[in-house]
Amino acid sequence: MSARIALAGGKGESWERGPYFLDGLVPLAYLLDDARLKAKAQRWIDWTLNNQAPSGMIGPASNDDWWPRIVMLKALTQYQEFTGDSRVIPVMEKYFRYQLAELPGRHCETGQNSAAG
């Protein structure tokens, strides 16, 4: 993955590529106990945890779709389970309060939502 992707604070791709990458990278890094892979994942995890919007939104501001954030929340969940990082749960709680407030006026409209029925 390029360091230019929006998930790492760059101006590049901002939809689901980064979250799906992390969803595989995080468990791989920790199950293999591979320091290089852990460091690679940590850069993107830290960016997400350290750049939450005051509203509670996570991820790049250039894309406000719900779907990539759901994938990212899964990656954050795995990361928290492996590390016990105390930053994760408060970020997730704030995000879910944001999502709960926003969903009535902004439903999930992605292809994934349509495919789910």
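Values reported hereafter were calculated over all heavy atoms of this structure, with side chains retained and with hydrogens, waters and symmetry mates removed.
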Pairing residues for Gln52 by the side-chain contact (heavy atoms from CB on, under 4.5 Å) criterion, not counting sequence neighbours: Ile58, Val91, Lys94, Tyr95
Pairwise distance CE(Met92) to CG(Leu76) - rounded to 0.5 angstrom: 6.0 Å
Tyr30: partners by ring-ring contact (aromatic ring centres under 6.0 Å, His included), with sequence neighbours left out: Phe82
Ring geometry between Trp67 and Tyr20 (parallel below 30°, tilted from 30 to 60°, perpendicular above 60°): tilted
Atom CD1 of Ile89: over 12 foreign heavy atoms under 6.0 Å: no
Partner set under ring-ring contact (aromatic ring centres under 6.0 Å, His included) for Phe96, not counting sequence neighbours: none
Inter- and intrachain pairs under salt bridge (Lys or Arg N to Asp or Glu O under 4.0 Å), touching residues 18-39, at least two apart: Asp23-Lys74, Asp33-Lys38
For Arg69 against Asn63, the heavy-atom pair lying closest together: NH2-O, 2.6 Å
From CH2 (Trp66) to CG (Leu73), nearest 0.5 Å: 10.5 Å
For Asp85, all residues meeting side chain to side chain donor-acceptor pair (under 3.5 Å), sequence neighbours excluded: Tyr79, Arg87
Arg97 vs Leu100 side-chain heavy atoms within contact, under 4.5 Å: no
Within-4.5 Å side-chain heavy-atom neighbours: Val26 and Ile45: yes
pair Thr83-Gln78: side-chain heavy atoms closer than 4.5 Å: no
Under 3.5 Å: donor-acceptor pair, side chain of Arg43, backbone of Ala39: no
side-chain contact (heavy atoms from CB on, under 4.5 Å) partners of Ala53, counting only residues at least two apart: Ser55, Met57
